[in-house]
A.B. asks: 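Dropping the structure in here first, questions after.
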Amino acid sequence: MQTIDLEANGLRALNEQLHAQAADTNQTAWEIVNARGSHAIAVGLDAPIEVTVKGSTGYYCGGMNKQATINVHGSAGPGVGENMMSGTIVVDGDASQYAGATGHGGLLVIKGNASSRCGISMKGIDIVVHGNIGHMSAFMAQSGNLVVLGDAGDALGDSCYEARLFVRGKVKSLGADCEEKEMRPEHIEILKDLLERAGADAKPEEFTRYGSARNLYNFDVDNASAY
Amino acid sequence: MCGIVGLFLKDKSLEPKLGEMLTDMLVTMTDRGPDSAGIAIYGNGSDEGAKITVQSDNADQDFASIGDELGHAIGANVKAERNDTHAVLSMPADKIAHAREILSEIRPNVRVMSAGSSLEIYKEVGLPKDVAARFHVEKMSGTHGIGHTRMATESAVTTMGAHPFNTGSDQCLVHNGSLSNHNSLRRKLRRNGILIQTENDTEVGAAYLTWKMQNGATLGEALESSLDDLDGFFTFVVGTKDGFGVVRDPIACKPAVMAETDQYVAFGSEYRALVNLPGIETARVWEPEPATVYFWSHSDDPTKIEKAA
């Protein structure tokens with residue numbers, strides 16, 4: 001286990017060290033102490049290493065992640081896992097705005113609540129939120145799965161494309177062109193796998209699926225007010 | 001951008017350290033706002049009853065005999081205490097309005113930063129650590145305070161463009177965001193006789209609240225109606241004599257984090273601002289909801305200002 005004191009070493013030295021790890025590195029376990037809400041912790045990683053951050057993080061923790069597993073023992077600021085490509089990020093506490101925004105792949109788990117714009121423009125990432133999510137989540141979501149064990153705020157899935165949105169609790173309102181969908185056996189399978197990998201104690205059958213009504217895919221003058 | 005910090009103390013034993021804690025929080029928010037900084041501090045009430053905080057770019061000359069001259073003109077004892085470019089003028093509460101009139105005549109270049117019984121506002125252009133140091137903010141005590149670090153977007157970097165803005169007696173406003181309908185609203189408020197001195201968008205927000213309250217709204221009601229009448233992005237923190245309030249626009253893209261323990265309620269634009277507070281590891285930490293007005297008050301019997309929230 002390599003332990004790095006972020007306050008003593010500085011952010012650039014930390015990220016350079018993590019970036020220097022090759023695919024076959026022997027140093028697979030890293031611990032970051034004194035995170036103190038700093039920005040851009042462990043961004044741009046590209047190696048199968050496991051990084052544990054002690055404490056809460058600021059903007060963009062784990063952004064652009066590939067392969068790495070990042071555990072945040074605290075809450076995460078805005079943009080956690082933004083544009084991540086693969087790997088896993090697990091936040092023990094809450095996540096601020098736009099968690100997992102534009103993510104292409106990998107798994108982002110928020111054990112607390114996520115606030116507004118969770119999964120905005122997601123492009124293949126899987127996001128599992130144990131608590132609630134805020135307004136405008138999955139706005140323009142293109143693909144991937146957003147799983148919410150609690151409730152969703154206003155305008156869920158506004159203008160979404162082919163992402164699957166699963167919510168166990170209440171949805172305050174659906175956004176433009178987002179509708180409730182049928183839960184088919186393949187969705188139960190997807191959900192079962194995601195819940196298991198995210199350590200979530202919930203039954204797939206308790207969820208409702210939402211997705212695109214596909215009315216905004218092609219321009220129709222009658223839909224002008226919905227754009 | 002801009003950074004906001006706020007600290008409301010529940011534990012009286014922390015009151016002597018209010019300035020020190022706020023300064024630390026403020027300096028942490030330097031990279032959100034390195035242009036200018038300001039602080040509103042709610043300290044002990046003035047012995048005389050009320051006080052006006054004033055600022056001058058030519059303090060040596062303007063403040064030399066300001067207390068005596070003002071006292072003579074309004075027929076009351078005025079105590080003047082200079083603090084760098086600012087001075088606190090203490091006087092009986094019923095003399096405040098008259099004193100402001102006289103000040104504009106005898107010291108036309110002196111700007112009023114705040115008026116009230118316990119509020120003092122200090123703000124200047126410069127790095128937050130330098131602004132805090134020049135006013136010795138770390139030595140100030142009080143029950144609650146609000147700080148702001150500014151990165152200007154809508155108007156010039158000047159003392160008068162810095163936050164906090166005084167909205168009414170013992171009330172102030174700080175803002176992170178930008179208002180897009182401030183020009184039309186400024187014209188409307190000026191037609192209604194409200195004094196607006198700069199091209200700054202937040203000053204219009206502050207003037208809007210003042211105008212609403214002059215027309216009978218409580219602060220809570222004024223904040224509620226700001227959600228309809230102000231166009232743009234905002235996280236507002238408002239200070240009152242007994243506490244502070246928070247409101248974010250419905251889109252809520254400007255960040256806000258709050259923390260509460262048995263000892264305090266704290267606000268920060270980012271969690272970084274809160275990390276040195278005592279017991280933060282076990283504090284309840286959350287994000288205030290959009291389009292929701294929050295208030296914390298020292299008063300067990302809230303005034304009608306706070307009750308509305």
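Protein chains get the first letters and strands the later ones, always in sequence-line order, with residue 1 at the start of each.
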A.B. asks: Is the CZ atom of A:Phe207 crowded by more than 12 outside heavy atoms at less than 6.0 Å?
C.D. replies: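 More than 12 within 6.0 Å, yes.
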A.B. asks: Let me know if B:Pro250 has heavy atoms under 4.5 Å from chain A in its side chain, its backbone, both or neither.
C.D. replies: backbone
A.B. asks: Which residues, numbered in order, of residues 59-82 of chain A come under 4.5 angstrom of chain B by heavy-atom distance?
C.D. replies: A:Tyr59
A.B. asks: Anything in residues 83-102 of chain A with a heavy-atom distance to chain B below 4.5 Å? Please list those residues in order.
C.D. replies: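 Interface residues of residues 83-102 of chain A: A:Asp94, A:Ser96, A:Gln97.
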A.B. asks: Hey, could you give me the CD/OG distance between B:Glu289 and A:Ser115, rounded to the nearest 0.5 Å?
C.D. replies: 8.5 Å
A.B. asks: Would you please go through residues 264-284 of chain B and name the residues with a non-hydrogen atom below 4.5 Å from one of chain A, in numerical order?
C.D. replies: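 Within residues 264-284 of chain B, the residues under 4.5 Å from chain A are B:Glu270, B:Tyr271, B:Arg272, B:Val275, B:Asn276.
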A.B. asks: By a 4.5 Å heavy-atom criterion (distance strictly below it), what part of B:Val285 contacts chain A: side chain, backbone, both, or neither?
C.D. replies: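 Contact with chain A: backbone only.
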A.B. asks: So, for B:Ala252 and A:Ser116, which heavy atoms are closest and what is the spacing to 0.1 Å?
C.D. replies: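 Taking every non-hydrogen atom into account, O-OG, 4.4 Å.
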A.B. asks: Just checking A:Lys181: does its NZ atom have more than 12 heavy atoms from other residues, nucleotides or ligands closer to it than 6.0 angstrom?
C.D. replies: yes
A.B. asks: Are there residues of residues 136-157 of chain B whose heavy atoms fall under 4.5 Å of chain A's heavy atoms? If so, which?
C.D. replies: none
A.B. asks: State whether the number of non-hydrogen atoms from other residues, nucleotides or ligands found under 6.0 Å of B:Asp228 atom CG is greater than 12.
C.D. replies: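 Result for CG/B:Asp228: enclosed.
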A.B. asks: Quick one: are B:Cys253 and A:Arg117 in side-chain contact, heavy atoms under 4.5 Å?
C.D. replies: yes
